[in-house]
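Just below is one structure, and these are the notes that go with it.
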Amino acid sequence: MSLSEQEQVRRESLNQIKDLGINPYPAALFPVNSTSKEAKDTFEEDKEVILAGRLMSRRIMGKASFAELKDSKGKIQIYINRDEICQGEDKTLYNTVFKKLLDIGDFIGVKGNLFTTKVGEQSVKVKELTVLSKSIRPLPIVKTDEEGNVHDAFTDPELRYRQRYVDLIVNEGVKEVFLARTKVMNTMRDFFNEKGYLEVETPILQPIPGGAAARPFITHHNTLDMPLYLRIANELYLKRLIVGGFDGVYEFAKDFRNEGMDRTHNPEFTVMEIYVAYKDYNWMMDFTEEMIERVAKTIHGKPSCTFGKNEISFARPFKRVTMTDAIKEHTGFDITGKTEEELKTWCKSNGIEVDDTFGKGKLIDEIFGEKCEQHYIQPTFITDYPKEMSPLCKEHRDNPELTERFELFVNGKELANAYSELNDPIDQRERFEEQLKLSEKGDDEAMFIDQDFLRALEYGMPPTSGMGIGIDRLVMFMTNKQSIQEVLFFPQMRPEKQES
RNA sequence: GAUCGAGUAGCUCAGUAGGUAGAGCAUCUCCCUUUUAAGGAGAGGGUCCUGGGUUCGAGCCCCAGCUCGAUCACCA
């Protein structure tokens, strides 16, 4: 391992600090009594404050210096005068420790008095300086000028994601994205809890990866000597809880899908699923738009936000279009009553690739995906999906070829998915068997049969509506981020080569 | 998995028909008691992603690989 010049200098400084009898990593608590933000918000001339944070810049002018102290809430300027912090003859603390041995990135604690500088900046006149933690690796230096232009931003996406801790320290606005993320989730939690629904936890390791169509990650349990799958969804477990007698259950779930990665997909991602007894999908549409409108208002103070070049309004009510009408509108093709052959022929003559494993439902889904999806920029509920594509969804009350399902599209992407849940155990068994046939035809996304889930349904599940919403995508909309990696602290990356 | 683009100092980036590797910030030394992206003066710092090839000579050209990004495929 070879160290850069700057790293060697810092390690040498560390040793010199120790030689002076100062512990660079003290154990004792530091009695912080304020933050940079609070100190400024409640500023009173000469008020004593005790602050701690990282040293982010220094302007040394002989016997006096200015520096920036950064804590979790922001930055504040500190003024350090040699004779203020070194009252006696010994000026080591200023001349040696502060000026020579401390570096940008070091954690220090200061006790001092608030004052306003000549130029009018609220600052702390330091009386006591304490080394709290020495940093031996130099941080990138990012500066912002008076006009708000950022100089030398730390921009390499690879480094930003691999070393998110650095990104959070030096890049303005990164922390805010994650604060917004938590705020989105808390707003949803509050909304559900107000209605009396119960937050629950269900298994991540599942013997049968059910509830969605996707390729799972597989692992192995040694004691049981059996394969286990990381969940691709938690739907079937939450429904079991509805069978068990809860009126409403929800879970913020990490799901795992062994598929490609791009700017809207990460192998592990967060979905909120909620199931409410005695409701149907019409109720769930009202509920969903109310929830999303509240989230948008909480984050932006208004029910709309900018996403890329689009202004998106989450004000209720959202547009509602049946899948049949959506296809008719964007292609002029009426899928009503068409046979599998007719659909296939239409696809082929309209530039949609199909293969022999595609059934009727999949063909319709392809048409929608190719021709319609991208047009729904403003929040739109697409309703009444073909039965074959929705094996866990109740048959439509007016049309046996359709289901009571909706998906919410925003900016041309699916954001949420919901059903009037299928609670007829005989029908559910038949649907699973249909899936099995698809699987045998070569559809590797077809669902597995979960016998225990069927058993639960046989005991009886009340009419129920369920909804799942992609939290990462919702946060992307709320923070105007085009990449999922920007809303995940630690997005999946290939392992990096060992540095040493 | 496919195509295209990128990889040079701690960070952001230049780089010449192929001919001794550059700037700003950061770092180090000296001077300075109210400065705020950058006070002044000077100095040090590089496996130019890795490995091959072409060439008298490669950061630059060619081949292979690695990592990241964009687009596509699969999907949410």
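Because the structure is predicted, anything quoted here is derived from the model rather than measured. Every chain is numbered from 1 and lettered A, B, ... according to where its sequence line falls, protein lines coming before strand lines. No hydrogens, no waters, no symmetry mates; every other heavy atom, side chains included, goes into these values.
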Which part of the nucleic acid does A:Phe256 contact within heavy-atom distance under 4.0 Å: base, sugar-phosphate only, or nothing?
nothing

C1' gap between B:rC56 and B:rA73, integer Å
49 Å

With nearest nucleotide decided by heavy atoms, which residue, A:Gly260 or A:Ser483, maps closer to the 5′ end of RNA chain B?
A:Ser483

Report which part of the nucleic acid A:Lys75 touches: base, sugar-phosphate, or nothing (heavy-atom distance under 4.0 Å, all strands).
nothing

When rounded to the nearest Å, what value does the distance between P atoms of B:rC66 and B:rC74 take?
24 Å

For A:Ala153, answer base if it contacts any base atom (sugar-phosphate contacts may also be present), sugar-phosphate if it contacts only those atoms, and nothing otherwise; contact means non-hydrogen atoms under 4.0 Å.
sugar-phosphate

If the C1' atom of B:rG24 is compared with that of B:rU8, how far apart are they to the nearest Å?
15 Å

Scanning all shown strands, the Watson-Crick or wobble mate of B:rC13 with both distances under 3.5 Å is B:rG22

When the ring centroid of A:Phe318 is compared with that of A:Phe406, is the distance short of 6.0 Å?
no

Between CZ of A:Phe66 and C1' of B:rA38 the distance, given in whole Å, is 16 Å

Separation of B:rU27 atom P from A:Met56 atom CE, nearest Å, is 12 Å

With respect to the side chain of A:Tyr79, which nucleotide from B:rA76, B:rU34, B:rC11 is positioned closest?
B:rU34

Looking only at side-chain atoms of A:Lys118, point me to the closest of B:rA76, B:rA26, B:rU34.
B:rU34

Looking only at side-chain atoms of A:Lys125, point me to the closest of B:rA26, B:rU34, B:rC68.
B:rU34

Measure the distance from CG on A:Asn171 to C1' on B:rU12 and round it to the nearest whole Å.
11 Å

Quick check for you: among B:rA76, B:rU12, B:rU27, whose closest atom lies nearest to any side-chain atom of A:Glu5?
B:rU27

Rounding to an integer number of Å, can you tell me how far A:Arg405 CZ sits from B:rA76 P?
9 Å

Just to be sure I understand the rule, does A:Leu415 reach a base, reach only the sugar-phosphate, or reach nothing, if contact means heavy atoms closer than 4.0 Å?
nothing

Are side-chain heavy atoms of A:Met272 and A:Met185 found at a separation under 4.5 Å?
no

Using the C1' atom as the reference point in each nucleotide, state the distance between B:rC13 and B:rG7 in Å, no decimals.
13 Å

Can you check the distance between B:rC61 and B:rG5, where both ends of the measurement are the P atom (answer in whole Å)?
12 Å

Does a side-chain heavy-atom distance below 4.5 Å link A:Pro386 with A:Asp365?
no

Out of B:rA76, B:rU36, B:rG10, whichever nucleotide has its closest atom nearest the side chain of A:Arg59:
B:rU36

For A:Val271, report the nucleic acid contact type (base, sugar-phosphate, nothing); a contact means any heavy atom under 4.0 Å.
nothing

How long is the line joining CD1 of A:Ile169 and P of B:rG10, in whole Å?
18 Å

Is it true that A:Glu434 and A:Arg431 have a side-chain N and a carboxylate O under 4.0 angstrom from each other?
no

Considering every strand and a 4.0 Å limit on heavy-atom distances, what is the contact class for A:Asn417: base, sugar-phosphate, or nothing?
nothing

Measure the shortest side-chain to side-chain distance between A:Val410 and A:Phe314 over non-hydrogen atoms and say whether it is less than 4.5 angstrom.
yes

Identify which nucleotide among B:rC28, B:rA76, B:rU34 has an atom closest to any side-chain atom of A:Arg257, counting heavy atoms from C-beta outward.
B:rA76

Separation of A:Arg263 atom CZ from B:rA76 atom C1', in whole Å?
14 Å

Can you check whether any acceptor in the base of B:rU12 is under 3.5 Å from a donor in the side chain of A:Thr155, or vice versa?
no

Between B:rC68 and B:rU34, how far apart are the P atoms? Round to whole Å, please.
50 Å

Check A:Ile50, A:Ile80, A:Leu51 against A:Val110 for a side-chain contact (heavy atoms from CB on, under 4.5 Å) and give me the one that passes.
A:Leu51

Measure distances between side-chain N and O atoms of A:Glu68 and base N and O atoms of B:rU36, and say whether any donor-acceptor pair falls under 3.5 Å.
no

Taking the same atom, C1', in B:rA21 and in B:rA9, what whole-Å distance lies between them?
11 Å

Under-4.0 Å side-chain N/O to phosphate OP1/OP2 contact, A:Gln485 with B:rG69
yes

Name the pairing partner of B:rC4, where a pair is Watson-Crick or G-U wobble with both distances under 3.5 Å, or state none.
B:rG69

A:Tyr25 (side chain) donor-acceptor with A:Lys134 (main chain) under 3.5 angstrom:
yes

Of the options B:rG24, B:rU34, B:rC68, whose atoms approach the side-chain atoms of A:Asp152 most closely?
B:rG24

I'd like to know if A:Glu414 reaches the base of B:rA76 with its side chain such that a donor and an acceptor end up less than 3.5 angstrom apart.
no

In whole Å, measure the gap between the P atoms of B:rG40 and B:rA26 for me.
10 Å

What contact category does A:Glu12 fall into here, base, sugar-phosphate, or nothing, at under 4.0 angstrom with non-hydrogen atoms?
nothing

When both distances are under 3.5 Å in a Watson-Crick or G-U wobble arrangement, the nucleotide paired with B:rU50 is B:rA64

Which nucleotide in the list B:rG69, B:rG1, B:rU33 gets nearest to the side chain of A:Arg494?
B:rG1

Give the rounded distance in Å between these two atoms: CD1 of A:Ile60 and P of B:rU34.
14 Å

A:Pro157 has a side chain; which of B:rU34, B:rC68, B:rA26 sits nearest to it?
B:rC68

Rounded to whole angstroms, how far apart are CG on A:Asp365 and P on B:rC74?
11 Å

Hey, are the side chains of A:Glu235 and A:Glu421 touching, using non-hydrogen atoms and a 4.5 Å cut-off?
yes

Can you tell me how far apart CG (A:Asn266) and CD (A:Gln492) are? Round to the nearest 0.5 Å.
6.5 Å

For a quick check of understanding: with a heavy-atom distance under 4.0 Å over all strands, which category does A:Asn266 fall into, base, sugar-phosphate or nothing?
base

side-chain N/O A:Lys99 vs B:rC31 OP1/OP2, d < 4.0 Å:
no

Is the distance from the ring center of A:Phe287 to that of A:Phe191 below 6.0 Å?
yes

Determine the contact category for A:Arg162: base if any of its heavy atoms lies under 4.0 Å from a base atom, sugar-phosphate if only primed atoms, P, OP1 or OP2 are that close, otherwise nothing.
sugar-phosphate

What is the base-pairing partner of B:rU33, counting Watson-Crick and G-U wobble geometry with both distances under 3.5 Å?
none

Checking contacts here: which listed nucleotide (B:rU34, B:rC32, B:rC25) is nearest the side-chain heavy atoms of A:Thr117?
B:rU34

Under 4.0 angstrom, heavy atoms only, what part of the nucleic acid is A:Phe154 near: base, sugar-phosphate, or nothing?
sugar-phosphate

Across all strands shown, which nucleotide pairs with B:rA43 by Watson-Crick or G-U wobble geometry, both distances under 3.5 Å?
B:rU27

Presence of donor-acceptor pair under 3.5 Å, side chain of A:Asp156 and base of B:rG7
no

